[in-house]
Structure formats: structure tokens, C-alpha cells
Amino acid sequence: MLQMIDDRGTGPGAVVINRADYLAPAYWIDSVDLCFDLDPAKTRVLNKMTLRRNPDVPAQPLKLDGEELNLARVLVNGQGTSFKIEGSQLVLCDLPDAFELEIFTTTCPSKNTKLMGLYVSNDSFFTQCEAEGFRRITYFLDRPDVMASYSVTLRADKAKYPVLLSNGNLVAHGPLEDGANGARHFAKWVDPHKKPSYLFALVAGQLVSREQRITSRAGKEHVLQVYVRPGDLDKTEHAMVSLMHSVAWDEARFGLGLDLERFMIVATSDFNMGAMENKGLNIFNTKYVLANQSTATDIDFSNIESVVGHEYFHNWTGNRITCRDWFQLSLKEGLTVFRDQEFSQDLCAEPSARAVKRIEDVRVLRTAQFPEDAGPMAHPVRPDSYIEISNFYTVTIYEKGAEVVRMMQTLVASINDPLGRDGFARGMTLYFERHDGHAVTCDDFAQAIADANPMSDLARLLPQFKRWYAQAGTPRVEALGAYDATARTYTLTLSQTCWPTPGQPVKEPFVIPVGLGLLGIDGQDLPLQLADEPSAIAGTRTVVLTQASESFTFVNLDAEPVPSILRGFTAPVVLEFGYTDAQLLHLLAHDSDPFNRWEAGQRLAVTSAVNAIKSIATNADGTCANVLNDAYLGAMREVLHHPTLDSAFKDLVLTLPSETYLAEQLDVVDPQHIHAVREAMRQQLATALKADWEAAYAANHDTGAYTPDPESSGRRALAGMALTHLCLAARTSGDAVWPGKTLQRFKDAGNMTDRFNALAALVSSSHALADQALALFHAMFKDEALVIDKWFSLQTSAPDRGGNILPAVKQLMKHADFSLKNPNRARSVISTFCQGNPAGFHRLDAAGYQFWCERVIELDAINPQVAARLARALDRWSKLAEPYRSNARQAITRVAARSDLSKDTLEVVTRALGQ
Ligand code: B3K
Ligand code: ZN
């Protein structure tokens, strides 16, 4: 791959970086004193650093990274010096062992459409430095293992930029003498903690803040602030409450307190991703800060809670202990996702709400990460090489990385600590004792967790366990059960395999913890006793698969049990077991493990869908009817009416597997067939259960005064689902009552969740009233950018009927509110269509691919990170049926043939083509 890219002459940036090539830096930077004169057209940056040679590596020149900078002056110990520019690096030779280096550069933030480094959004300045954005601000050793002390002076026009923020503590501020009539002012910030350059941040602009003083468990006073644009203050309460919960949770669960006097969150509407954990000055996409009941849905509220938590938790896992190099990214991201998942679960008052959160997390993993692990971008949790590190902020690093950490917790469990929470917390304590203030590796983390639990399975199996970091691909675990009535035993044989992934043709066996239960005829958990054990354990237990194949024999069983395997989804694997429908219905009705109870319903739906998809090709008219059998429909009816299951869980059980998930269950994918079958299933659920949906709506539609708690959110979700099905049922019956009621609910709704769900019900059933409601919705929220994003994405993700969505998408791009430069808006229209609407996108006439190709190229010139994400929409092209497959390949080839591609997009399309 390297060869091909170099041969194309794509420039010095497009080189492969290998993990094995890591070398410690030749110099350390101890302190950085930055002074900014902020101006959108020309910002001046004076960077004074103290450096010293790293005695552990051979003497060599100092090579500083820089990108799109205008260099004006370089002084060593106050004297002019000779230097070279080699590619994008500033090279200084013959340096003393310790010295001061002063570099003066200028940049143009207003032209920075990549949104990396220093940029302007809505007349304010923001920065984004992770992973390699600091080099777009000044020349530096822009790598995470160089940790320095920073002091930062910001100077700017006072009227335009009244708020001047950077990391750490504000030590001085006031007017500047140089401006006429005190028109300019300054602020000086000192960060008391050493940090890598990717955690640097500054913000300057017209902002207002919500402020909260808190006292920590240790009795320390802190101030928490959430900064937004004037007019948005009424949408900051939830973010602040989430931040306070985060501070309290990290103290309570891991003994980790806030190490700063002041902790700030700032929201911007132009941001490449969700949020960024800059030390003491988190910068967020407005999507993960702003919420009130009129503009945000329950899902928004819950996302805000977890992203605020995630960024806050990075303060320890990422900022205090950081990554030695970017290959170790999951050291901070996998661990911090695990922490934010645990945080959200711990905030749930009810065990059932915890289970719902776990199911949601697994759903993300299986619909996004499993396909990644099976496609051309597959990479280990700790990758071995990359061209552009931005491409490796992936669901594998984040979500699979979190599962790897979760397995560690499971593998340190003991009799007195059955979930492993105490053992894992001990491991975290040891991790901080050993590595606080340092840049380390995934090995260091795993070693600390194991060493703190010397008697655990993790300690015993550590070298093999670490294959989860090294080997890509999703393991398949095949389970076979054999009951011996004479011996009264049940033997479960588990075998693992993992398909080849790019560069890894053969895999060694993984360590796979498998949560297990056996259900009796009455649906109760049977006592579990392995053949060599003296007594039985009630309920769930975990067996650990370490070989290619292993058998576990359970004794004292009077009848053949129904196995409940991989309870709680204890490992990120695909489980295959030849369940009969009767067994799955038994699990769906009785399993004490909510995850597997839900999973049983999903398996039943997948089996019916896959059979129908395979047969649809043989139907002359390409349609299908009655995909779901009566037993399934009856089971769903029972779930809907169940007296004790909560609404959020019912909503999950009644949600059919997504088209993307179904595609992953097939060897050859015809997206139109999958869509036709899934739509037929939706229609059948709607019609067959009409009376039951009516009952569910009646029981759940009134949730009283709005609060975004799991219980009432679940009820709103189920009421919305009922409306969608009632509108779908009306499609075939012609009944006008429910669409009419839905429109009325849309108009009368007291919160955004109910309003949006009603709108979505009309849109997803393609009802004639949808247009009217959409127009009204736009008029009501025309000044709320995040709501307008929802308005766009609802239309671009609507079920395709006869190819109507692509023309609608093109039309929406002409709307006055559309902008390619704003990542949220571009994603709400283009990415939602290409990555969230398979049937609209994968068209027989290849017009979807043509559209994708044009947008990728267009976006690449503006913002390579956004373009490269979009480029991944065709990752799974080689699985497609013809003619989709050839057409998709051609489209990717057209993008790859461009000579001016960013290395971000080039890496994605090159890998897609398998070169
Ligand atoms: N660490 C940032 C992601 C930075 C992405 C750079 N392309 C947000 C997070 O994971 O918390
Ligand atoms: Zn993160």
C-alpha cells in the first residue's frame, strides 16, 4: 500500500507510520510560553520554549512539526540561528544540551475550513489539536509523549472577543496599552499540569456562561462553567448537571477527584466530532451540550450525559496518564468509553434501565464495529500502522476497546466480587500509582489491572488475553449442546474461529469469557455444577474459553435445559448456536438475563428475515408477505402487554434488527431485497398488532411533566413506536384516524421527544400529512440549528419508496439552510443518506454512488476528516450483489484516481480497493 501511494506522488505526507518504529523523542520540551495576538485574517503566535536533549537517545537535530504556518523568526537563547525547512518540519542542528527556543509564526484562522488547529466559527476562535492539530498553531514536537508546562497569553479586541480562555488557571487579565481607548485586552492562563500538545486549547469570543461552585469529597472548592453563545444559556442546565454527576461518580467509583480549580466546557457549532477533552477546557460540539425539553429529545439528553461524562473522565484516563504514541489510542479511548458506559449505567436507579443501556451499547458495537472488523478498514484495537491517524478514531478503538476493558473487569471477578468491579478499581489505583503524569502503552494498563489481581483469570492468562489488542476481526464462537439423559449431564462445546483480516491471515485463539445459564422447563435458572466441582452455583456463571475448542460438562440435570449463552454479552464475539424457534421463544419469555432475553427476540426476527431475503429473489414481483410467523407475532404481543417489563425494554424487543445488521448476516447483500423484507416485517407488525399498539399508546402516551429519566423516556419511546406502527397500519387500511391523531400530537406536544416522534411516524409511513408537518416543524424551529439538523436527517433517512430519497436529498442541498462547510449540517444530509439509508443509497442505476463520489471529492477539498468518514460508506462494497458491487467499485476507483486527495481520504479508498 505504501508503495502505491508513494508512486502516485501524493506528497511527503502520505507515508505509512509503523508502531514498531517508535523512537523516544530526541528532545524534551519542559515549558512552553505562548502569546497569541488573535486576528481572524492573521493571528500572530509567539512561542517561547525551554528544551533539553534526551540523554537516552543518540544526539541528532531537532525536528519540529509545522503545517500551514508562516515562519517569521527563530531564536536560540535569544540569538538568530540557522535552520532548514524539510518537508513540513523545521530542522535545527548543533544545539546546546539545554536551551531556550523562540519561534514567531502567523496563521490565518478564518481560512481554516479543516477545523484542525486554530479556526473561526461564528466570529469566535476555537482550537482542535488532537491528534496533530497543534502543529497548525506553532512549530512543535507534536507527539503525545512530549509533556510540557504551558502558560498562555491571549490578546484580542475586547468588544469582539470579551471572553478569552485557555487551559488551567486565569492568573492575570486586563486592558492592553497598545489599543486605542483600551480597545484590546489580554488574559494570561497557566496550566498547573504538564500535558501533551494535543490537549492545548484556546477559545475567544462573545460567550456567556452558566457557573456552578462545588465542593469535592476531599473538601476542595471548584468552579464548573459551561460557555455558550448568548441566547443558548437556557439549554445548559442538563450539561451542567451531567458534569456534576460525572465529578461525583469518578470520586465515588474510582477515587479520582477533579485536579483543577476551574473546569470549563465550551460549545461550538462547527466541530469535526463530538467533543474534545482539552485539559480544563473541554470544547464540545453544540449537539452534546445544548438541550431543553422543547429542542432536544430524550436521546439527545442521554447522549449529552454520556459525552460530558466521557470528556470529564478523560481528565484522568487520557490527560493525567496519556498515550506514548497514537497506536495506543485505545489506552485512553477504550478505557474512557468503558468508564462512560459504566457511569451511565450507574446513574440508572433500576436494574432494568442498566440492562437497556447495555443492550444499546451492544447494538452500536454490532451494527458499526462488527462490519468494520469484517471490512477493508479492519484493524486491531492497537493498530500496527496508519497513514492518517484521524482515520483511526474508529468504533474498533472506541467501542471494541471498551469491550476489551470490560472483559478485564469480568476476568478479575471473584466469589466476593462477582462482577469484578472491586478488582478492576484496585487495578485502576495501581495504574495511577505507577503511571500518573506519564505517557504509556496498552501493555502498561493491562499489566496494572492484572498485577492488582494476582489470583485472577486475567493474571493467569494475560499474554494470551492481550491478543485482543493485537488481532483484528470478530471471533465466532460456535456452541454445541449435548444432553445425556442417563448420565444426567449437559455438555456444552464451545469452538472459536476468526476470519482473516487485512495483513492477518491466521489468528491465534482468544481468551473469551462466556457468561452462561441453563434454563429449566419452567423457565427458571438451574443450579450450575461442572463435573469436577463439589457443589452447584445458582444463576449465571462465567466460563473462560482459551482453546480453539473446549467442552464444559454440567451435572445433575434431570431434563435437557435451554442454554443461555453469552449472557450480558461478556465478549465481543458472534455466537452461533442452532437454537430452535421453541428454544428462542422460551428464552424470550423467561431468561433472567435481560440481554439474552432481548437477543432471543432478535434471533427469531433475523432468522425469518434471512429466509425471506433468500427467497425474495425468486418472487416474480420482488415483494414478500408474511415474513413473521404467528408464534413470533404472539410473543411480541405478549411482550407489549407484559405487566412487569418496562417500556424501554419493550421498545428494544419490538425494534427489528436494522438493515445494516441484517446485511452482516448474509454473504451476498442486495440492499433492495433487505429493505423490502424489513419493510414487509414492519408492515406486518403494524397490522397484526394494531389493537396492541393502540393499547401500548394508551398506556404510555402521557408521561406528565417532562424529565429525561429512563422510565419516562422509555414510555415516550414506546408511545412513539406505537404511533409509527399505527400510521403504518393506516397505509394499508386507508384509515385516517391515527395519522390525524399523530398530526395533532405533533402540534400539541409539550416536548421535543413527543413532537419529533409524531413527525417521524408520519414521515416513516410516508403519509400525505408528513409534508405539512415538516413545513410546520421547520417554521417553528428555523433559528435552532440542532433542530434543523434533525429536520434534514429525518428526510434523508426516510424509507425509500421507488427511489424518491436521492432526488429529495439533492433538493435539500439547495435549501437555504444547507451548508457543506458546517460538519453537523453536511452529515445530517449527506452522511445520513449515504450511511444511514441503505435502500435509498444503493440504487440499481448507481446514482447514489455517483452522488457519493461527487460529495466525497467536494468535501475533501474543504474538510478531509469529514470527507474520509463519508468515504467509508462503501467499505462493504465487495459483499454487494451485482450490479451494485461493480458500480460501487467503479465509484471508489473514481475517487481514488484523483491526484489531489487528502491522505485521509486516500487511505480510506485505497484500503477499500484492497491495495
Ligand atoms: N479525543 C477526542 C477525539 C479527537 C478526534 C481527533 N480526530 C474526543 C474523545 O474521544 O473524547
Ligand atoms: Zn474519548
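First listed ligand is number 1; within each ligand, the first listed atom is number 1. What you are looking at is a predicted structure, and each value in this text was computed from that prediction instead of being measured.
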May I ask you to identify the nearest protein heavy atom to [atom], giving residue, atom name and distance to one decimal place in Å?
{"atom": "atom 8 (C) of ligand 1", "value": "A275 O, 2.9 Å"}
{"atom": "atom 10 (O) of ligand 1", "value": "Y398 OH, 2.5 Å"}
{"atom": "atom 6 (C) of ligand 1", "value": "E130 O, 3.2 Å"}
{"atom": "atom 7 (N) of ligand 1", "value": "Q865 OE1, 3.7 Å"}

Check this for me - ligand 1, H310, N or O atoms closer than 3.5 angstrom, yes or no?
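Such a contact does occur with ligand 1.
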
Report yes if the side chains of [X] and [Y] come closer than 4.5 Å at any heavy-atom pair, otherwise no.
{"X": "S831", "Y": "R869", "answer": "no"}
{"X": "M264", "Y": "E211", "answer": "no"}
{"X": "V440", "Y": "F445", "answer": "no"}

Go through R143 and D65 one step at a time and tell me if the salt bridge (charged side-chain N to carboxylate O under 4.0 Å, His left out) criterion holds.
CA-CA 9 Å; R143 44 187 286 169; D65 308 297; over 6 Å; no

Test side chain to side chain contact (heavy atoms under 4.5 Å, CB included) on W249 and R339 and set out the steps.
CA-CA 10 Å; W249 180 85; R339 275 153 56 69; 4.2 Å; yes

Do [X] and [Y] make the cut of ring centroids closer than 6.0 angstrom?
{"X": "F327", "Y": "F392", "answer": "no"}
{"X": "F343", "Y": "Y312", "answer": "no"}
{"X": "W316", "Y": "F432", "answer": "yes"}

Do NZ/NE/NH1/NH2 and the carboxylate oxygens of E68 and K114 come within less than 4.0 Å?
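A salt bridge links E68 with K114.
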
Close-contact set for ligand 1 against [X] heavy atoms, below 4.0 Å:
{"X": "H314", "result": "9 (C), 10 (O), 11 (O)"}
{"X": "K332", "result": "1 (N)"}
{"X": "M273", "result": "4 (C), 5 (C)"}
{"X": "E277", "result": "1 (N), 2 (C), 8 (C), 9 (C), 11 (O)"}
{"X": "M276", "result": "1 (N), 2 (C)"}

Taking only protein atoms, how many N, O or S atoms are found under 2.8 Å from the Zn ion (ligand 2)?
3

Which bit of M116 gets closer than 4.0 Å to ligand 1, counting heavy atoms only: side chain, backbone, both or neither?
neither

With sequence neighbours excluded, tell me which residues meet salt bridge (Lys or Arg N to Asp or Glu O under 4.0 Å) with K195.
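Expected list: D191.
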
So E858 and R855, salt bridge (charged side-chain N to carboxylate O under 4.0 Å, His left out) or not? Walk me through it.
CA-CA 5 Å; E858 216 166 48; R855 300 294 83 75; 2.9 Å; yes

